[in-house]
Every structure is written in structure tokens, then in C-alpha cells.
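Only one structure is covered here, and it is reproduced in the block below.
Residues: numbered from 1 along the sequence shown. Being a predicted model, the structure only gives us computed values, none of them experimental.
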Amino acid sequence: MILPRTMALPEPTLRALASAPIDVQIDAPLMKRTWWRAGGPADALVQADDLETLRTVRRIATETGCPLFVLGNASNLLVSDAGVRGLVVRLGGELAQVEPLEGALRLGGGLKLVVLVGRMIKHGWTGLELFAGIPGTVGGAVRMNAGTSLGEVVDALIDVDLVLADGSLATLPAADLRMSYRTAWLPDHSIVAKARFRLTDADPDTSRALIEHHLERRKATQPIDQPSCGSTFRNPDGDHAGRLIEAAGLKGFSIGGAMVSPKHANFIVNTGGATAADIRRVIELVQRTVHEQLGVELVREVHFAGDWSGWAP
């Protein structure tokens, strides 16, 4: 069931964006932009291809009291069937580029990590192999200290360039983000515009072989041929979420078109036509069942985005 929408973009926000001028797509579909291929539309969608546009959009949203949500590659988001209220902004253009520096790279917050990994191999850049197999963007990776068995963002991050709530700029060193497992601190309502990462002097051929091996293993063990958001839950200390979910007998469990993957139990896949509500119900049932049977509280890596005010479990 698609839930009713309850809010339109405020008129003062629309007027301010029009006078900027900034193009706005009203009632913009998001389903095909999400990795789960589920969810409703945004009240309004803006593409920010340069820093000044991003600063203006952030400032206007704050001054007019309009909610603002940054949509990266939507690889760890479950967007509500009712959609996203307010203004959704996507980063592109110069905010999705790679700038080589001396011993480092400055990466746009909207840069897709799969694009970065391809350029690393092409140019022989080493030190950021940790991004291999992560489907998100640089901004999202920084915000959640993303990582794989090859490392985490905190291992290579130097600093981040942020657009703050009032549209001003700030650069924070990595230490100020207080990063831990899948967690980072950022100022409220700030946006990662760019981030600087250190490179290493490792052998490019060894780096490429490591990336290729990691991607092949991922292909063999994960259901990458079906829509999902990757790992649904964080791994508890000393254990693996997938093992716990399988031990609870939930491999293959489904509600509607949402299913716990038979290939990897920490992946919930859309087998066709799943709604966001179907997926959330599976997520929450998995959490309850694992806790009841095994006494472990699974913590989501996936974020619930949009308007869930009419949500009924």
C-alpha cells in the first residue's frame, strides 16, 4: 500500500530557489534511484553541480524552514513508500570529481565509489582499496565510516570540506569526526562537499590484484544480482550478523517481495515488486527473532529515510 503524502514544499522555499535561480524537479520519483528499487517520490529534487549551488540550497532550506535530505547513491537507504518530504539534493558535476594532489586525492562528496575504484586502477593510485565493493558515494562513506575487510574510511581520511546549515564552509580534520565502527560525528545538517584522502606508495599491480580478488569474493558470496542495500545489519563484536540470522532459521524468509537472501542472510533482497513497507517488516522481524532466540540486538546499517509517519508494522 502506498501511504498518502502529507506535506508539499513550502512556497517561500520555492520562491527563493526560483529567484536564485535553481532548477527544481517537483514530485520527483526516487524508486529507480534507490538500490532496493522501492520507495515514493521527493516533494522536490535539486541537482547541485558546484559548491555555490550547494551552499545556496542549504542556506535557503534553513532560512525557509524546509527539511533537506542529501541523496547519495541510496545504497544504504530505505525510502518510505510515502516518499521524502521537503527538498532532496543530489551532488554532481564538480562535487563528484577526483582532484589529484601530492600524495592524496580530494574527492567530491557525490563521487560514486565504483567510479573511484575504476580510476584508481587506471591511474595506479594506491591506498584506497578499502572502497572496493562499497556501492555508495564519498559523502555517504564518510558519514558512516564505511568499510570492508580491506579497511575503513578512518584509515585514510585526512579532512572533510563541509557546507554547514547556514551555507557557510568549514574544513574539519578526520580526528574531529570521532570515527568508530560505521559511525562518524558531523555537525547537524552539514553536507560533505569534498573529502581528502591520503595515498600510499604501494605497488599498483599488487593493489589491482587485491581489489580484483576482493570483488570476485564478493560476487561469489553476496546476492549482487538482486536489488538490495548490501549488509543490512552491523556485525556484533566477535560475530557476524549473517551467521546469527541464519542460526535463527531466517534464510529465505519473505514478506511480499522482500526476502532474506538464501545466499547471504545479512542481505534483504527485492525479489520483484517489494514495497518499502515489506522490506522494513522483514528487517524488524529479523531483529526481533534474533533477539528472542539468541539474545543479540542487531543494529541496522541501513537508514530509514522519508516520511514514515503512517507506518504500521
Side-chain angles (χ1 to χ4, degrees), residues 5 7-36 39-80 82-97 106-113 115 135-144 146 160-172 184 186-195 229 303-308:
R5 300 176 63 201
M7 172 185 173
L9 200 69
E11 282 298 325
T13 307
L14 284 172
R15 289 196 299 270
L17 291 170
S19 66
I22 294 172
D23 292 334
V24 181
Q25 182 182 354
I26 301 298
D27 206 27
L30 298 180
M31 181 182 293
K32 291 185 179 179
R33 297 178 184 271
T34 72
W35 277 61
W36 253 316
D43 282 344
L45 179 67
V46 166
Q47 176 87 5
D49 287 333
D50 57 74
L51 190 57
E52 286 310 306
T53 298
L54 183 61
R55 294 180 65 185
T56 300
V57 170
R58 178 62 276 183
R59 175 183 56 79
I60 287 173
T62 298
E63 291 177 350
T64 61
C66 179
L68 183 146
F69 182 78
V70 179
L71 184 70
N73 207 26
S75 58
N76 71 329
L77 294 177
L78 179 61
V79 175
S80 164
V84 182
R85 303 288 69 79
L87 189 61
V88 173
V89 60
R90 284 176 57 87
L91 278 57
E94 71 177 46
L95 299 178
Q97 296 299 314
R106 181 175 286 114
L107 308 175
L111 177 67
K112 293 181 179 181
L113 298 177
V115 173
T137 59
V138 168
V142 169
R143 192 167 286 277
M144 68 175 293
V160 293
D161 296 331
L162 301 174
V163 174
L164 303 181
D166 62 357
S168 62
L169 300 176
T171 298
L172 295 184
L186 293 171
D188 289 345
H189 309 299
S190 63
I191 301 171
V192 177
K194 297 183 180 181
C229 273
H303 299 278
F304 296 152
D307 181 5
W308 290 93

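Between P135 and W35, the closest side-chain pair of non-hydrogen atoms falls below 4.5 Å. Residues P41 and L30 fail the side-chain proximity criterion, which asks for heavy atoms closer than 4.5 Å. Counting heavy atoms from C-beta outward, M144 and N76 have side chains that approach closer than 4.5 Å. Between L172 and P187 the shortest side-chain heavy-atom distance falls below 4.5 Å.
Side-chain atoms of T137 do not come within 3.5 Å of backbone N or O of G110 as any donor-acceptor pair. Judged purely by atom type and a 3.5 angstrom limit, E94 uses its side chain to pair as donor or acceptor with the backbone of L51. Checking side-chain atoms of S168 against main-chain N and O of L164 turns up no donor-acceptor pair under 3.5 Å.
The nearest pair of heavy atoms linking A20 to T56 is CB-CG2, 4.2 Å. For A82 against D307, the heavy-atom pair with the smallest separation is CB-O, 3.6 Å. The shortest non-hydrogen separation linking A61 to L68 is CB-CD1, 3.7 Å. Taking each heavy atom of L95 and K194 in turn, the nearest pair found is CD2-CE, 4.2 Å. Taking all atoms of both residues into account, the shortest heavy-atom contact from P10 to C66 is CD-SG, 3.9 Å. L91 and A96 make their closest contact through O-CB, 4.4 Å (heavy atoms, listed as atom of the first residue, atom of the second, distance).
Note that CZ of R90 is 7.0 Å distant from CG of L45, once rounded to the nearest 0.5 Å. How far NE2 of H303 is from SG of C229: 10.5 Å, rounded to the nearest 0.5 Å. Distance check: R143 CZ to I191 CD1 gives 8.0 Å after rounding to the nearest 0.5 Å.
A side-chain contact (heavy atoms from CB on, under 4.5 Å) with V89 is found for exactly one of L54, T53, L71, namely L54. Partner S190 forms a side-chain contact (heavy atoms from CB on, under 4.5 Å) with one of V70, V163, L162, V160 and no other, that one being L162.
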Practice task
Assess whether side-chain contact (heavy atoms from CB on, under 4.5 Å) is satisfied between L9 and L87, documenting all intermediate values.
Solution key: CA-CA 7 Å; L9 200 69; L87 189 61; 4.2 Å; yes

Practice task
Run the numbers on L77 and F69 for side-chain contact (heavy atoms from CB on, under 4.5 Å), then give the verdict.
Solution key: CA-CA 12 Å; L77 294 177; F69 182 78; 3.7 Å; yes

Handout entry: side-chain contact (heavy atoms from CB on, under 4.5 Å) between I22 and V46, worked out
Key = CA-CA 8 Å; I22 294 172; V46 166; 3.7 Å; yes

Practice task
List the steps, then state whether side-chain contact (heavy atoms from CB on, under 4.5 Å) holds for L111 with Q97.
Solution key: CA-CA 6 Å; L111 177 67; Q97 296 299 314; over 6 Å; no

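Between R58 and T62, the side chains place a donor N or O and an acceptor N or O closer than 3.5 Å (distance only, hydrogens not considered). For the residue pair N73 and S75, no side-chain donor N or O sits within less than 3.5 Å of a side-chain acceptor on the partner.
Remark: D166 CG is packed, more than 12 non-hydrogen atoms of other residues, nucleotides or ligands lying under 6.0 Å away.
Checked against salt bridge (charged side-chain N to carboxylate O under 4.0 Å, His left out), R33 has no partners two or more places apart in sequence or in another chain.
Applying the salt bridge (charged side-chain N to carboxylate O under 4.0 Å, His left out) test to pairs two or more places apart or on separate chains, those with a residue in residues 45-54 are E52-R55.
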